[in-house]
2 protein chains.
Amino acid sequence: MKKEKQEEYDSLKLSSQLCFPLYACSKEIIRRYKPYLDDLDLTYTQYIAMMVMWEKKSMHVKDLGEQLYLDSGTLTPLLKKLEQKGYVTRTKSREDERALVISITEAGEKLKKDAVKIPAAMGACVRLEPEEAAFLYKILYKILGEI
Amino acid sequence: MKKEKQEEYDSLKLSSQLCFPLYACSKEIIRRYKPYLDDLDLTYTQYIAMMVMWEKKSMHVKDLGEQLYLDSGTLTPLLKKLEQKGYVTRTKSREDERALVISITEAGEKLKKDAVKIPAAMGACVRLEPEEAAFLYKILYKILGEI
DNA sequence: TAAAATTAAATTGCGTACAATCTAATCATA
DNA sequence: TATGATTAGATTGTACGCAATTTAATTTTA
């Protein structure tokens with residue numbers, strides 16, 4: 001086989017790709033969260049949604065979706081579940097009846113007290129040097145920024 | 001609020017976490033693959049499965065699952081779909097009747113010719129310096145290696 | 001200002017992910 | 001060699017993730 005052809009084919013190896021370790025790593029980290037999140041009866045996606053709510057207290061579904069890079073097809077059922085659990089409320093906006101306002105509840109705020117343990121536990125679980133973590137963070141946001 | 005308490009709460013911000021950009025980035029890259037994969041009528045997961053098959057030609061579902069970090073719950077329906085499309089065959093192993101052998105077909109091999117364009121197209125799509133890419137690759141496999 | 005365009009959520013449908021369970025085959029060993 | 005343990009896949013059930021479509025509300029503009 002010609003050398004160029006072989007090189008082309010090599011690029012189709014899983015081990016030549018960046019996308020694959022990124023995809024596998026993302027799933028792996030989420031898997032490592034699971035035991036901690038199970039204690040709070042939250043899935044990973046519900047957890048990142050709650051993280052935004054803990055910070056912002058109240059916001060439109062649209063804005064939440066922009067923060068999380070998720071659309072209404074994912075968020076609508078997820079937020080209904082968080083409402084069932086009593087962590088948020090869902091109410092139509094007065095100013096714009098198209099928009100739905102998500103607000104954190106008392107119980108949702110309470111949950112935060114249990115959740116604060118998680119980042120530390122995860123930090124111990126993923127062993128990276130501080131410089132490695134910082135660089136990884138920077139590169140990932142560089143890729144996301146290209147959107 | 002006490003300073004330590006605030007720091008604890010800050011760790012619960014989406015912007016303080018590594019997991020979130022990793023998760024968002026993984027989805028974003030897969031999203032960027034979509035137009036190219038649509039041309040081949042493959043999903044991303046089907047594509048990485050085919051990447052292994054292009055390299056190995058034939059293997060057990062179990063080994064494929066180990067390569068891709070996927071279990072039979074994901075692979076069984078996925079491989080049935082690839083079989084329907086005519087890219088692989090699924091046959092019981094002679095030596096061990098529990099095992100299922102996945103083998104690439106003529107049509108599956110043909111598909112590789114169209115797929116070789118994808119890594120180059122994606123490289124142009126995700127703009128990282130070579131050192132950045134190399135570093136990212138190394139760190140991701142470091143995290144995966146901790147499994 | 002009435003019609004057209006746009007926008008925000010919800011809905012539908014398909015394809016993962018993965019835990020948990022089940023079934024059948026194989027292995028280990030008492 | 002019978003039987004208990006292990007293993008490989010398949011199945012079931014829950015929860016995304018996202019494209020495409022729908023519905024209702026708002027904005028634009030002819």
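When reading the values below, keep in mind they use all heavy atoms of this one structure, side chains included, and skip hydrogens, waters and symmetry mates.
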Rounding to a whole Å, what distance do you find between [X]:[atom1] and [N]:[atom2]?
{"X": "B:E95", "N": "C:dA25", "atom1": "CD", "atom2": "C1'", "result": "14 Å"}
{"X": "B:L75", "N": "C:dC18", "atom1": "CG", "atom2": "C1'", "result": "11 Å"}
{"X": "A:Y33", "N": "C:dA17", "atom1": "OH", "atom2": "C1'", "result": "18 Å"}
{"X": "B:I48", "N": "C:dA17", "atom1": "CD1", "atom2": "P", "result": "7 Å"}
{"X": "A:D96", "N": "C:dT6", "atom1": "CG", "atom2": "C1'", "result": "12 Å"}
{"X": "B:D71", "N": "C:dA17", "atom1": "CG", "atom2": "P", "result": "11 Å"}
{"X": "B:R31", "N": "C:dT16", "atom1": "CZ", "atom2": "C1'", "result": "18 Å"}

Touch class at under 4.0 angstrom, heavy-atom based, for A:L70 against every strand present: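 Sugar-phosphate, no base atom in range.
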
Check: B:I104 and B:M50 side chains under 4.5 Å, non-hydrogen atoms: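 Yes, close enough: below the 4.5 Å cut-off.
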
DNA chain D-proximal residues of residues 77-94 of chain A, any heavy atom under 4.0 Å: A:L78, A:K81

Residues from residues 38-47 of chain B lying under 4.0 Å of DNA chain D - heavy atoms: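 Here the set is empty: none.
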
A:Y69 and B:F20 aromatic ring geometry - parallel, tilted or perpendicular at 30°/60° bounds: parallel

Geometric class of the B:Y44/B:Y33 ring pair [parallel <30°, tilted 30-60°, perpendicular >60°]: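 The arrangement is tilted - the two ring planes meet at 30° to 60°.
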
I'd like to know if the side chain of [X] and the backbone of [Y] have a donor-acceptor N/O pair within less than 3.5 Å.
{"X": "A:Q17", "Y": "A:S11", "answer": "yes"}
{"X": "B:Y36", "Y": "B:P119", "answer": "no"}
{"X": "B:K85", "Y": "B:D41", "answer": "yes"}
{"X": "B:D71", "Y": "B:T74", "answer": "yes"}
{"X": "A:D114", "Y": "A:K117", "answer": "no"}

Nucleotide nearest B:E97 (side chain, heavy atoms from C-beta), chosen from C:dT7, C:dC18, C:dT26: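 Taking heavy atoms from C-beta onward, the closest nucleotide is C:dT26.
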
Boundaries of the DNA chain D segment in contact with chain A, non-hydrogen, under 4.0 Å: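 Counting from the 5' end, contacts occupy D:dA15 to D:dT26.
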
Presence of donor-acceptor pair under 3.5 Å, side chain of A:S72 and base of C:dA8: no

First of A:R98 and A:T76 reached from the 5' end of DNA chain C, by closest nucleotide: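 On the 5' side of the pair lies A:R98.
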
More than 12 heavy atoms of other groups within 6.0 Å of A:K57 NZ: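 Yes, enclosed.
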
Closest approach of A:Y23 to B:L68 (non-hydrogen atoms, all atoms of both residues):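 In this case the closest contact between A:Y23 and B:L68 is CE2-O, 4.5 Å.
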
Pairs touching residues 99-108 of chain A that satisfy side chain to side chain donor-acceptor pair (under 3.5 Å), sequence neighbours left out: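 Listed once each, the pairs are A:S58-A:S103.
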
Side chain to side chain donor-acceptor pair (under 3.5 Å) involving B:R90 - partner list, sequence neighbours excluded: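 Residues passing side chain to side chain donor-acceptor pair (under 3.5 Å) with B:R90: none at all.
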
Salt bridge present between B:E28 and B:R31 (N-O < 4.0 angstrom): yes

Steps toward side chain to side chain contact (heavy atoms under 4.5 Å, CB included) verdict (B:T45, B:L75): CA-CA 9 Å; B:T45 319; B:L75 284 177; 5.9 Å; no

Residues touching DNA chain C, which here means a heavy atom under 4.0 Å, drawn from residues 56-67 of chain A: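 Only A:H60, A:V61, A:K62 qualify.
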
Distance below 4.0 Å between A:Y23 side-chain N/O and C:dA17 OP1 or OP2: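 For C:dA17, OP1 or OP2 has a side-chain N or O of A:Y23 closer than 4.0 Å.
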
